[in-house]
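Just so it is clear, the structure is predicted and the values come from calculations on it, not from any experiment. Chain A is the first sequence line, chain B the second, and so forth, proteins listed ahead of strands; every chain is numbered from 1. Side-chain atoms are counted along with the backbone in the values below, which use heavy atoms only and exclude waters and symmetry mates.
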Amino acid sequence: MQGDQRAILKAAAAYPARVRERAPRVHCLTNHAAAGITANMLLAIGAIPSLTDHPDELPDFVGGADALMINLGTPDQGRVDAVANAIGIARRAGVPWVLDPVMCDRGAARLAWSHTCLSEQPDLVRLNEQEAAALSLDVTNALGQPGIIALTGRRDRVMAYGRPTVLLGNGDPLMGKVTAIGCGLSAVAAAFMAVSEDRFMGTMAGLLAFGVAGEIAGRQAAGPGSFPAALLDALHNLDAEIVIEKGRLE
Amino acid sequence: MQGDQRAILKAAAAYPARVRERAPRVHCLTNHAAAGITANMLLAIGAIPSLTDHPDELPDFVGGADALMINLGTPDQGRVDAVANAIGIARRAGVPWVLDPVMCDRGAARLAWSHTCLSEQPDLVRLNEQEAAALSLDVTNALGQPGIIALTGRRDRVMAYGRPTVLLGNGDPLMGKVTAIGCGLSAVAAAFMAVSEDRFMGTMAGLLAFGVAGEIAGRQAAGPGSFPAALLDALHNLDAEIVIEKGRLE
Amino acid sequence: MQGDQRAILKAAAAYPARVRERAPRVHCLTNHAAAGITANMLLAIGAIPSLTDHPDELPDFVGGADALMINLGTPDQGRVDAVANAIGIARRAGVPWVLDPVMCDRGAARLAWSHTCLSEQPDLVRLNEQEAAALSLDVTNALGQPGIIALTGRRDRVMAYGRPTVLLGNGDPLMGKVTAIGCGLSAVAAAFMAVSEDRFMGTMAGLLAFGVAGEIAGRQAAGPGSFPAALLDALHNLDAEIVIEKGRLE
């Protein structure tokens with residue numbers, strides 16, 4: 001590991017304690033399968049989740065949040081309207097927001113909706129290779145600055161225009177065998193971004209923490225059933241020392 | 001512990017077996033993140049959960065239930081209508097019902113909706129300190145008799161007009177680090193109330209059982225991830241002897 | 001065990017590997033409490049779940065699926081419409097589909113809706129004794145060929161017109177103490193059916209694998225809380241050898 005990578009790792013390792021101390025409120029509009037585990041991931045890192053998509057409640061809940069996470073899974077018309085509404089509130093209030101265009105490679109309607117959301121310039125887009133390909137997403141043109149792309153998979157990449165791409169090497173194959181792990185990561189990244197001055201750094205710190213926790217969980221779990229509990233325990237117990245010891249920037 | 005506290009503890013300890021024997025049906029209108037764990041808590045204590053909020057189904061499901069639990073999280077218009085509808089059915093059919101005004105301190109719309117529900121005189125309101133403060137809830141005036149307030153937190157208090165307040169000392173800090181634990185407790189309290197002649201006593205027995213199970217789970221869990229499974233196992237395995245041995249009335 | 005039972009068992013034991021190899025896409029329209037665990041069961045066996053019920057998305061998601069699973073729990077009007085829509089898409093596209101008329105014995109509206117769905121001739125109906133009784137479901141007249149009935153309970157029975165009924169003896173009592181286990185089984189059966197040439201055989205292989213995994217999980221779990229993780233781990237780790245060793249055809 002080079003000297004500046006060590007410095008980045010050390011800076012990133014300070015984030016879990018910062019999230020716990022500041023307890024950011026993260027409002028999530030997300031799919032049914034992800035709601036519970038996403039809320040539990042946020043609680044495990046010391047953030048405060050909320051989930052309502054009722055139009056009368058969005059001004060208070062989104063406007064009073066420290067970050068907003070939008071996941072496009074299992075929509076109904078109410079959530080489609082809520083997403084547009086919440087993005088508008090977040091932009092006017094200066095609340096950073098994350099887009100997770102889940103399964104946008106699986107249907108034309110989902111893809112069109114993802115493009116609509118992207119045109120609102122999210123602070124961060126978190127997605128996998130197939131989703132990025134479907135969106136023709138490219139760090140050099142798809143997002144206005146200061147948009148960040150977190151491309152997750154066997155290796156995670158954090159990219160933004162004018163910044164050197166960061167490659168993160170932690171994780172575990174079981175993360176792909178449990179529903180809503182990526183959805184939850186998007187919410188965790190939103191929480192880390194909420195306590196950062198440099199959103200690129202905050203995103204990177206969130207993905208690093210999540211990957212380290214996933215790797216710890218993968219060694220404890222007997223399969224995808226025991227993995228989520230181990231992941232939440234690891235997120236809860238994470239500290240700077242563990243991140244520095246296990247974190248891999250590549 | 002004083003003599004009458006010992007008598008109360010002994011009476012409360014008989015409830016878990018009674019719930020298992022009578023298998024009360026508890027209909028829940030609740031938020032998305034809480035649906036699964038709430039149903040599992042009810043099954044773990046031997047009750048029978050149902051969750052539909054479709055208007056055509058409420059007469060059969062609520063009218064045929066032994067208790068109704070209303071949690072105000074993540075509403076959509078369909079659930080808002082269902083809540084009003086279900087409360088009306090429960091009141092006409094004499095089905096006891098519990099209100100959980102979750103996060104009513106977080107937004108004006110949620111607070112107004114909570115007040116509307118409160119005006120329908122729930123048999124029990126289960127909430128935390130911030131929610132009670134937002135509602136200006138006070139046992140001496142906010143609810144008509146025989147309304148009961150279960151104020152939960154580091155210590156739980158069960159209060160009703162004209163009854164000595166009961167303080168319960170069991171629990172574990174991890175209960176605050178997992179989503180929907182309070183929501184599930186509201187459903188468990190509804191089940192205990194359903195098999196009681198004295199609803200104050202039933203509520204108290206439900207909170208005591210839940211607190212004891214939470215304390216057992218807290219000692220087994222490695223963090224908030226492994227806590228819910230341990231809690232459900234402890235609820236399932238609870239008996240009178242454990243409640244008498246570990247229960248703390250203060 | 002007789003010789004032809006041994007042959008059936010051996011054939012069924014080959015299915016888990018086939019599901020993993022072909023990774024069938026299973027679209028599920030299901031209740032809120034079941035969404036997460038159903039998706040996780042499908043992932044654990046190597047299938048690919050999707051869950052949307054938005055009308056604009058159903059043509060792509062259902063039309064592109066290898067099987068469809070319809071569970072009637074916790075409906076709202078959007079899902080009621082989606083169910084009719086999805087069944088039509090599946091029938092036109094030749095996608096096999098499974099009906100799970102959950103709790104149709106509990107209300108007149110649910111029962112009527114179940115009959116409507118049944119009239120569309122599902123390839124498989126998965127239900128328990130009380131639900132089958134409420135529907136007066138009988139293998140000799142209720143379904144047109146090649147409809148299959150999987151009647152699950154203490155023993156599972158797989159039945160179809162003109163085929164000898166198969167009795168399966170695996171499982172664990174804890175399967176009845178956790179929400180959405182039956183719902184998840186319906187999705188698992190859909191995945192197995194998706195990779196079969198003989199749908200009766202595929203259904204039987206799915207139920208057998210699930211029962212064996214449930215039995216393994218029941219021996220590891222300390223109660224209904226630790227059961228679901230153990231079940232998912234067992235489904236993930238299942239192979240032909242385990243099915244042959246533990247499977248019981250009766």
Side-chain angles (χ1 to χ4, degrees), chain A residues 30-41 51 71-81 83 102-114 116 128 130 134 173-184 217-218 220-233, chain C residues 20 23 25 27-65 74 76-79 81-82 180 184 213 216-217 220-221 225-238:
Chain A
T30 193
N31 69 77
H32 292 142
I37 182 99
T38 300
N40 280 332
M41 285 188 191
L51 294 163
N71 174 296
L72 302 186
T74 68
D76 54 28
Q77 195 52 48
R79 187 129 38 81
V80 172
D81 296 342
V83 162
V102 60
M103 289 194 180
C104 66
D105 55 316
R106 291 283 301 278
R110 188 75 60 95
L111 188 64
W113 189 26
S114 300
T116 302
N128 66 26
Q130 300 98 291
L174 284 176
M175 297 172 95
K177 303 292 289 178
V178 181
T179 197
I181 294 293
C183 309
Q220 292 177 343
S226 40
F227 183 80
L231 175 59
L232 290 166
D233 286 350
Chain C
R20 247 169 244 137
R25 292 182 172 192
H27 193 75
C28 302
L29 298 182
T30 192
N31 69 77
H32 291 142
I37 182 100
T38 300
N40 280 331
M41 285 187 193
L42 289 170
L43 288 166
I45 60 170
I48 302 171
S50 60
L51 294 163
T52 182
D53 58 11
H54 196 287
D56 295 347
E57 299 198 317
L58 289 175
D60 284 332
F61 278 83
V62 177
T74 68
D76 55 27
Q77 195 53 48
R79 186 127 41 81
D81 296 341
I216 294 170
Q220 292 177 344
S226 39
F227 183 80
L231 174 60
L232 291 165
D233 287 351
L235 284 170
H236 178 72
N237 296 324
L238 209 63

Max heavy-atom pair count under 4.5 Å with chain A, selected residue of [options]:
{"options": "C:L43, C:L231, C:D60, C:D56", "result": "C:L43"}
{"options": "C:G36, C:G78, C:A34", "result": "C:G36"}
{"options": "C:H32, C:H54, C:M41", "result": "C:H54"}

Under 4.5 Å heavy-atom distance to chain C, tell me which part of [X] shows up: side chain, backbone, both or neither.
{"X": "A:I37", "result": "neither"}
{"X": "A:V102", "result": "neither"}
{"X": "A:A222", "result": "both"}

>> Before you tell me yes or no, could you show the steps for A:F227 and A:M175 under side-chain contact (heavy atoms from CB on, under 4.5 Å), namely the whole-Å CA-CA distance, both residues' side-chain angles and the distance that decides it to 0.1 Å?
In response: CA-CA 8 Å; A:F227 183 80; A:M175 297 172 95; 3.4 Å; yes
> What residue, out of A:R106, A:R79, A:K177, has the most heavy-atom pairs lying under 4.5 Å from chain C?
Replying inline: A:R106
>> Below 4.5 Å, heavy-atom pairs only: which of A:G176, A:A109, A:P75 has the largest tally toward chain C?
In response: A:P75
Side chain, backbone, both or neither: which part of [X] has a non-hydrogen atom closer than 4.5 Å to chain A?
{"X": "C:L29", "value": "neither"}
{"X": "C:P49", "value": "backbone"}
{"X": "C:N237", "value": "side chain"}

Which heavy-atom pair separates [X] from [Y] by the least distance, and what is that distance?
{"X": "A:V80", "Y": "A:W113", "value": "CA-CZ2, 3.7 Å"}
{"X": "A:N31", "Y": "A:C183", "value": "ND2-SG, 3.7 Å"}
{"X": "A:R110", "Y": "A:T74", "value": "NH2-N, 3.9 Å"}
{"X": "C:L58", "Y": "C:H27", "value": "CD2-NE2, 4.0 Å"}

> Listed by chain and number, what are the side-chain contact (heavy atoms from CB on, under 4.5 Å) partners of A:D81, not counting sequence neighbours?
Replying inline: A:Q77
> Passes side-chain contact (heavy atoms from CB on, under 4.5 Å), A:M103 versus C:L51? Steps please.
Replying inline: CA-CA 11 Å; A:M103 289 194 180; C:L51 294 163; over 6 Å; no
> Distance-only, no hydrogens or angles: does the C:D233 side chain make a donor-acceptor pair with backbone N or O of A:S226 under 3.5 Å?
Replying inline: yes
